Amino acid sequence: MVTRIPAPRKATPGHSTSPLRTLRDQGPDVARKAAQALPPAARKAATVVQKNVRRAATGMLGLSGERMSKVDTAWLRMDSHSNLMMINGVWTLSPGITWEALCERVQQRLLQYPRFRQRVVEDAAGATWVEDRNFDIAAHVLREKLPHRKGHSMQRALQDRVGELAMQPLDTRRPLWQMHLIEDFVGDDGTQGSALIVRIHHCIADGIALISVTMSLVDGGSEPPKRKARTGKEAATAEDWIADALIKPFTGLTVKALDLAGDSAAKSLQMLGDPEKAMQHGLSGTADMARVAYQLVSDAAALALMPDDSPTRLKGQPGSAKRVAWCPPIPLEEVKAIGKALNCSINDVLLSCVAGAIGGYLRSQGDDPTGQEIRAMIPVNLRPMEEAWKLGNRFGLVPLVLPIGVANPIERVYEVRKRMNALKGSTQPILAFAMLAVAGLMIKPAQDALLNLFGRKTTAVMTNVPGPKEQLTLCGSRVTQCMFWVPQSGDIGLGVSILSYGGGVQFGVITDTTLCPEPQQIINAFAPEFDQLSLLTLMLPWGE
């Protein structure tokens, strides 16, 4: 259910004016007085934001296209010398597929999503999606051959190539995506086939949305739903934009996403989405709103006052080169069995193994991680899967502190469970989403300053995406393995990805080579951590 801000009604004699209308009528005077009290630099920054809001809302851009949302604009402008905001993925297929077959499938399915036919045009107020009239499929689906290096397998060559492409910007004159097909590829297990590297800029979609794209691209996949794109002349009003970017995340969708407890919490967030209706609920509604407002203030303070991470070798100023690595799948049923035995979630088990692998890597480098912790930003989905086809970014972020210094696997998994449970009911994902929306209104230096809050306090970005339960086929070939890596922003040099697919779970890492030259060493520690946790679980005393 979408909460909309009601249109203002005319006041009638004997009736009090609504809070929303009072805010609207008094808004200009209040804003003017507040602006006059600001220092000159702050006043200038506020004027820029106000101007950008007005221009974005009225659509005074002179372009025929669809305005990019402010959250997506923030992602567009987040590219830096050390980190490009691209989602990178790899599929291996058996038997191999041809370039011609892939191009035909892309034209049939992928290009039905308008975003993959549109280029981005930036302006002072943001950006616009514009149809690429000179679209050339050959510029987006490329044929490649991996170099043969003595002593290196094709798997290592594939990893090296993904790392290189992770730091090569996409051509901004074209739609911001590319596929690189290696038609002849042999994996470490000797399976012959093809490998496909996919690069998509984060401003197009988040990981959950790209799962929807994947499901329409594979054999038997359904075509994406049709929708009519809004042109610049039909741009949303300021009230519509505020509802889309700031109010909707407080509705029932977010309640489900955050797994909030009880009807009272759900009711409270819905009332925040419709404050005028909330006033009609009297004291009870006011108390609920006050409770959630207190939660918002507390979570905002927690985000702003996060302590610094432990100073490990994984934290520092990144360079301009990346490297990736991933491990063979672990059976999902084994992960579920451990979680059930320890009364923990699958997430608790996997994140505990990730923390153990990072701690093990630091020990292998001669460091002592005892008592140390690192913070990982974890995305939280803010929309249902049935709306993922709309693309764009609709997720928030929560900071999870990983206990990398806890050596005992059982103790560590319970510590992770305790910290994950503490995040339930938090409004931090909503605040992070709103922060990105506000950042999209600012000039780039101001946006960078705002978003550096995360970079200074964070060592890693970590995602856990549920992929298809059954193995997929593409152009008649089986997708034997799939992996992806999330981008890191600011000075963050470590990205961790967990993907479930076809009955298995995979663990992947992307690192800045200045901070971690060989991410494969972290990967190599993951399976032993899982095996040790599995063995200790079997050794625990069992009752009925």
Side-chain angles (χ1 to χ4, degrees), residues 259 299 302-303 305-316 327 330 335 338-339 341-380 397-426 428-429 454-464 486 488 492-498 505 507-509 511 515-516 519 521-537 539-540:
D259 193 24
D299 289 338
L303 279 175
L305 301 175
M306 288 187 299
D308 292 341
D309 273 1
S310 299
T312 69
R313 65 176 58 239
L314 298 173
K315 182 73 174 171
C327 67
I330 293 174
V335 182
I338 293 176
L342 299 178
N343 194 25
C344 295
S345 69
I346 294 176
N347 262 353
D348 297 335
V349 174
L350 294 174
L351 293 178
S352 173
C353 292
V354 168
I358 294 174
Y361 166 75
L362 293 175
R363 291 187 190 92
S364 72
Q365 301 302 304
D367 302 338
D368 182 10
T370 303
Q372 292 188 330
E373 300 174 327
I374 64 170
R375 185 175 291 103
M377 282 294 178
I378 300 180
V380 175
L397 296 165
V398 292
L400 175 66
V401 179
L402 293 173
I404 61 172
V406 177
N408 186 301
I410 300 295
E411 181 184 354
R412 189 171 60 244
V413 76
Y414 283 129
E415 184 63 26
V416 169
R417 184 184 69 173
K418 182 180 75 173
R419 298 181 184 193
M420 288 295 290
N421 286 339
L423 291 175
K424 291 183 179 179
S426 169
Q428 288 183 3
F454 293 118
R456 291 195 306 267
K457 307 293 185 179
T458 306
T459 297
V461 176
M462 183 181 302
T463 58
N464 187 348
V486 295
Q488 303 84 58
I492 300 174
L494 173 63
V496 179
S497 301
I498 301 172
V505 178
F507 172 51
V509 171
T511 64
L515 303 176
C516 178
Q521 294 180 13
I522 299 179
I523 291 295
N524 292 342
F526 182 75
E529 284 293 335
F530 179 79
D531 292 340
Q532 187 179 20
L533 178 61
S534 178
L535 179 62
L536 289 175
T537 302
M539 294 173 64
L540 290 175

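If you're wondering where the values come from, they're calculated on a predicted model, not measured in any experiment. The residues of the chain are indexed from 1 along the displayed sequence. Excluded from the calculations below are hydrogen atoms, water molecules and symmetry mates; all remaining heavy atoms, backbone and side chain alike, are included.
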Which pair of non-hydrogen atoms, one from [X] and one from [Y], has the smallest distance, and what is that distance?
X: Ile330; Y: Val335; answer: CG2-CG2, 4.2 Å
X: Glu529; Y: Gly356; answer: OE2-O, 3.4 Å
X: Ile522; Y: Phe507; answer: O-CE2, 4.3 Å
X: Glu373; Y: Pro403; answer: CG-CA, 4.5 Å
X: Ala341; Y: Thr537; answer: CB-CG2, 3.6 Å

Quick one, Val461 with Val496, criterion side chain to side chain contact (heavy atoms under 4.5 Å, CB included). Give me CA distance, side-chain angles, the key distance, then yes/no. CA-CA 6 Å; Val461 176; Val496 179; over 6 Å; no

When you compare the side chain of [Y] with that of [X], does any pair of heavy atoms fall below 4.5 Å?
X: Thr459; Y: Ile492; answer: no
X: Pro369; Y: Arg363; answer: yes
X: Met462; Y: Leu402; answer: yes
X: Val509; Y: Phe526; answer: no
X: Ile404; Y: Thr312; answer: yes
X: Ile358; Y: Leu494; answer: yes

What's the separation between atom [atom1] in [X] and atom [atom2] in [Y], rounded to the nearest 0.5 Å?
X: Tyr361; Y: Asp367; atom1: OH; atom2: CG; answer: 8.5 Å
X: Gln488; Y: Thr458; atom1: CD; atom2: OG1; answer: 11.5 Å
X: Leu350; Y: Ile498; atom1: CG; atom2: CD1; answer: 5.0 Å
X: Leu400; Y: Asn347; atom1: CG; atom2: CG; answer: 9.5 Å
X: Ile338; Y: Asp348; atom1: CD1; atom2: CG; answer: 12.5 Å
X: Leu351; Y: Cys344; atom1: CG; atom2: SG; answer: 11.0 Å

Quick check against the 3.5 Å criterion: does [X] have a side-chain atom that pairs as donor or acceptor with the backbone of [Y]?
X: Glu411; Y: Pro409; value: no
X: Arg412; Y: Val406; value: yes
X: Arg419; Y: Val401; value: yes
X: Thr511; Y: Cys516; value: yes
X: Lys315; Y: Leu515; value: no
X: Tyr414; Y: Leu342; value: yes

What's the verdict on side chain to side chain contact (heavy atoms under 4.5 Å, CB included) for Leu533 and Val349, showing C-alpha distance, side-chain angles and the deciding distance? CA-CA 9 Å; Leu533 178 61; Val349 174; 3.9 Å; yes

Taking atom types as modelled, is there a side-chain donor on Asp531 or Ser534 under 3.5 Å from an acceptor on the other? no

Is there a donor in the side chain of Asp368 and an acceptor in the side chain of Thr370, or the other way round, less than 3.5 Å apart? yes

Quick test of your reading of the model: are Glu415 and Lys418 salt-bridged, counting only N-O distances below 4.0 Å? yes

